[in-house]
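Excluded from the calculations below are hydrogen atoms, water molecules and symmetry mates; all remaining heavy atoms, backbone and side chain alike, are included. A, B, ... follow the sequence lines: proteins, then strands. Residue 1 opens every chain.
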Number of protein chains: 2
Amino acid sequence: MEEIELRLEDRVLKALKEKNAAEIREIFDTVPNIDIAEALEGVDDPAALLFIFRTVSNDYTANFFAELPTEQQELLINAFSDKQLIELLDNSFADDIVDTLEELPANVVSRILKVCPKDMRADVNRLLNYKDSTAGSVMTTEYLSFLNTTTVKDAIKTIREKGRDAETVYTIFVRDSSRTLVGTVNLDDLIFAKEDQTLDDIMDLDFVCCNVNDDQEEVANMFKRYDLTAMAVVNNAKKIIGIITIDDVVDIIVEEASEDIAHMNAVSNMEDPYLKTPILKLVWKCVPWIVCLMVLQIGTAFITSTFEHLLSTCTILAVFSPLITDAGGNSGGQTTTLIVRSMSLDEFEKGDFKRVVWKELRVALIIAGVIGLFAFGWTFFEMAVLGMGDKPHLITLNGADNPVVLPETMTCLVISGLIGSTLFVTMIVSRMIGCCLPFFAKLIHVDPAVMCGPFTTTVVDVISLLTYFLLWSNVFAPMLF
Amino acid sequence: MEEIELRLEDRVLKALKEKNAAEIREIFDTVPNIDIAEALEGVDDPAALLFIFRTVSNDYTANFFAELPTEQQELLINAFSDKQLIELLDNSFADDIVDTLEELPANVVSRILKVCPKDMRADVNRLLNYKDSTAGSVMTTEYLSFLNTTTVKDAIKTIREKGRDAETVYTIFVRDSSRTLVGTVNLDDLIFAKEDQTLDDIMDLDFVCCNVNDDQEEVANMFKRYDLTAMAVVNNAKKIIGIITIDDVVDIIVEEASEDIAHMNAVSNMEDPYLKTPILKLVWKCVPWIVCLMVLQIGTAFITSTFEHLLSTCTILAVFSPLITDAGGNSGGQTTTLIVRSMSLDEFEKGDFKRVVWKELRVALIIAGVIGLFAFGWTFFEMAVLGMGDKPHLITLNGADNPVVLPETMTCLVISGLIGSTLFVTMIVSRMIGCCLPFFAKLIHVDPAVMCGPFTTTVVDVISLLTYFLLWSNVFAPMLF
């Protein structure tokens, strides 16, 4: 793969240098546009890029332009004559132009909008005004819709004439005289139908559509659920105003998954590939989260600080406190992960909160039992067999001034008992918190993924340390004295 | 939305009870199959389900059957006559049948394969034999391919006749006389072409295809990269043997993202929605990870245990040790997340490892500086202003028997200095570990996502605690005495 790409790069650059128009055309005929765009990475001579646009047929240029990085797009737009720019815009789809405009500097944008054909300018402005991440912001306004009384013959004729300008011709949207969406027809059904049938006769009535203000994640879930390749976008009056196609949905799904993954792990969402993100931007995506979590950690510091006297008389408590907090954090994180992913995939309906809590409670009880018992055995093994924990300090249980010497096995048993019971409580509490936090986040309109991992951990840490110290001073320490 | 679904459920059940064939047909005409399947959840009377299959047209039954849960599919298969079963199989696509077979008990599977039409049986067996998660396992063998010498007229005629049995007719695959894939034609190009042209004249040569053994994640990345709706699957001899369509790719992308998210957060991958997963299965998805991480935690326990004497003389160290390990874990987790996500999206090429490490090193240095300084100030604030840390113990720096009384501000400054410098080291180390672990995982053929979050944390914990205690006993403690 890599070998071929290297050769492609050399081939493209050589052809550009020699101004070999035939070779450039041959490359565009046989290689996907995105591979050529990548081979041209770093070329910043507008003349070379312009040569491509003069040489290659219009069938390729719009698509190729959309694959170029923002810097090269900007170079080209500045180098184009008005006529060339209009030609390019004419061949582009409105939603591709919107993607480009969102990244370009303002002066370049205004040049584009100035030369833009009037009808397209209206489309672009409409798309730009919809809120980010809504159906409206990803839809295209270039689609084919027909009156329900159109005959199959006329529909096919129109598709032949105007199909080139539509984002898809595989799904045809049927409306009544008031522009209300009444059905859809697949292109293959149209081809298989008799010429004198009307769309009314052959259209599917069990179509689904989305509202222009729906969240793009909901739209993606509908595509998955109904196995769609295109869907109509309607306004509140049920009139069709645009369509979304499956290639946009694939991008949405990837984008939403990346955002969830980033937020779950305390990183801000990355728009660009890792290697293309500037260093300072990477720093900025990470530092605020660490600072914020460090500040929230004051809870843990406060608890430990309050029970500091226990640590100084029984340092073995400090040896096992990371085990308690980590296990609690991991277990809470597991629950949050399962819940947040289910939320993203739209698995829950209204009123499912109670079902989730009840299910989690039962899961938590079993896990708490298993982990509590395991931790009891494992820490006993660590202390009694591996000799973990400094013996001279283990026996200064009553303070260094007045040491109490206890049988070692008895001490180990009591400490393991403390850890086992703390984990029993911690497992239940952490899973309950882990399952409630995402619902709470949704309630206050925060991305539930943000509540995952580190944030759950920080909350769970405080509670598990508190349990640890309270159980020790009130239940287990008295056993030894 | 919910209200409509409730009404649908009542409507379907009522129609079934009254054996109202007209109403059932009306429902299937106007409601998507998956919504009807959901409305029938819990119906376990085979007679009621059979009534649907007798009533509704064959256009719907195969698709509807595929949407039913395994239990109802099993009920139906046992209730069908051989003739009904054959009819159903005839209307299903091979890859849908494979999905069904993978979940059904063995005796039911053998009944299906016995009545299966011979050609379909061969297809199903071929798909079942490809390794899980490869292109072969998700492809379908039902597609249209034409010789390159076929005329547009003949191609359209064949599509009209056989198109119904193909998974897609929107992309047509063109092969030469040796079955080697030589090009693709979009249905719209075919429709727009002149009748006497051959496919050779109009086909795209810049198509991409995948090998039958390619990983499904790679295939999904190709669909995204090239904005495809269908792709040919070829064997090692470049002969076409199947196709993959975009609706399968949407499922793959969601599945792979879910797997990454689960593994990054120490949960095994869930195949079913949360609320449909049995409680014991949920326990089993979570417990082994916690146990495993608890066992690995022996490293942290060992380090703390080794330096236990430091803690007993200076318990303020225990107050801030969670801050050190948590910040290290979060920061390492951030890096791993960015790297693993980039790996999943196929952003790295061979040889990029060095570029990643060099970039991470620069990012880490900046973050270490910022966080080190912030932690210095923040912990000083916590101690000097908020009074965190038990004063009487703070001054027993030289052991309780021989306490040294120091000026409080001086002590706070030294402790903050310790924490700032430990975090400086920890930030660098954690990010370097966080960026190397996923590459290491790939090298030893383990899912890199498994290395995320909890595992990085466990490794980073040991190193940051070691740094903490060593810096204290060798650099900062001597300053005070």
- Task: With the side chain counted from C-beta on, respond yes when B:E382 and B:V319 share a heavy-atom pair under 4.5 Å apart, and no when they do not.
- Result: no
- Message: Walk me through whether A:D346 and A:R225 qualify under salt bridge (charged side-chain N to carboxylate O under 4.0 Å, His left out).
- Response: CA-CA 10 Å; A:D346 205 23; A:R225 183 179 170 89; over 6 Å; no
- Is there a side-chain contact between A:K224 and B:D247, using heavy atoms and a 4.5 Å cut-off? no
- Can you name the nearest heavy-atom pair linking B:Y274 to A:E347, along with the distance? N-OE1, 3.0 Å
- Task: With a 4.5 Å cut-off on heavy-atom pairs, point out which of B:T304, B:D227, B:L275 contacts chain A the most.
- Result: B:L275
- Among B:L228, B:I159, B:V291, B:L280, which has the most heavy-atom pairs under 4.5 Å with chain A? B:V291
- Query: Within a strict 4.5 Å, meaning less than it, do heavy atoms of the A:M294 and B:I371 side chains meet?
  - Reply: yes
- Set of ring pair (Phe, Tyr, Trp, His ring centres under 6.0 Å) partners for A:Y170, sequence neighbours left out: B:Y170
- Counterpart residues, ring pair (Phe, Tyr, Trp, His ring centres under 6.0 Å), relative to A:F307 (two or more places apart): A:F469
- Item | Top contributor to chain A contacts, counting heavy-atom pairs under 4.5 Å, from B:D204, B:T379, B:I246, B:T245 | B:I246
- Task: Go through the atoms of B:L293 and report whether side chain, backbone, both or neither lie under 4.5 Å from a heavy atom of chain A.
- Result: side chain
- Item | For the student: nearest non-hydrogen atoms of B:R431 and B:Q334, plus distance | NH1-OE1, 3.7 Å
- Heavy-atom pairs under 4.5 Å with chain B are the metric here; pick the option from A:V287, A:L282, A:V249, A:L323 that has the most. A:L323
- Against chain A, work out which of B:I156, B:I298, B:I366 has the most heavy-atom pairs shorter than 4.5 Å and name it. B:I298
- Note on the structure: Here the pair of heavy atoms bringing A:N221 nearest to A:S344 is ND2-O, 3.1 Å
- Select one option (side chain, backbone, both, neither) describing which atoms of B:V295 are under 4.5 Å from chain A's heavy atoms. both
- Item | Considering all heavy atoms, the nearest B:L423-B:A375 contact | CD1-CB, 3.2 Å
- Message: Out of A:N33, A:L187, A:V370, A:T325, return the one with the most heavy atom pairs under 4.5 angstrom to chain B.
- Response: A:L187
- Message: I need the residue from A:L205, A:I34, A:D29 with the largest number of non-hydrogen atom pairs under 4.5 Å to chain B.
- Response: A:I34
- Query: Of the backbone (N, CA, C, O) and the side chain (C-beta and beyond), which part of B:I303 lies under 4.5 Å from a heavy atom of chain A, both, or neither?
  - Reply: neither
- Query: Can you tell which of A:V31, A:I279, A:L345 has the highest number of heavy-atom pairs within less than 4.5 Å of chain B?
  - Reply: A:I279
- Contact class of A:F207 relative to chain B, heavy atoms under 4.5 angstrom: neither
- Item | Part of B:F223 lying under 4.5 Å from any heavy atom of chain A | neither
- Task: Check each atom of B:L317 against the heavy atoms of chain A and say whether the ones under 4.5 Å are side chain, backbone, both or neither.
- Result: neither
- Query: Among B:G183, B:S321, B:C286, B:A257, who wins on heavy-atom pairs under 4.5 Å with chain A?
  - Reply: B:C286
- Query: Between A:S258, A:A266, A:A364, which has the largest tally of heavy atom pairs under 4.5 Å with chain B?
  - Reply: A:S258
- Query: Any idea which heavy atoms bring A:E360 and A:C435 closest together, and the distance?
  - Reply: CG-CB, 3.6 Å
- Message: With chain A as the partner, which of B:F302, B:W289, B:F320 has the greatest number of non-hydrogen pairs under 4.5 Å?
- Response: B:F302
- Message: For B:T300, which atoms come within 4.5 Å of any heavy atom of chain A: side chain, backbone, both, or neither?
- Response: side chain
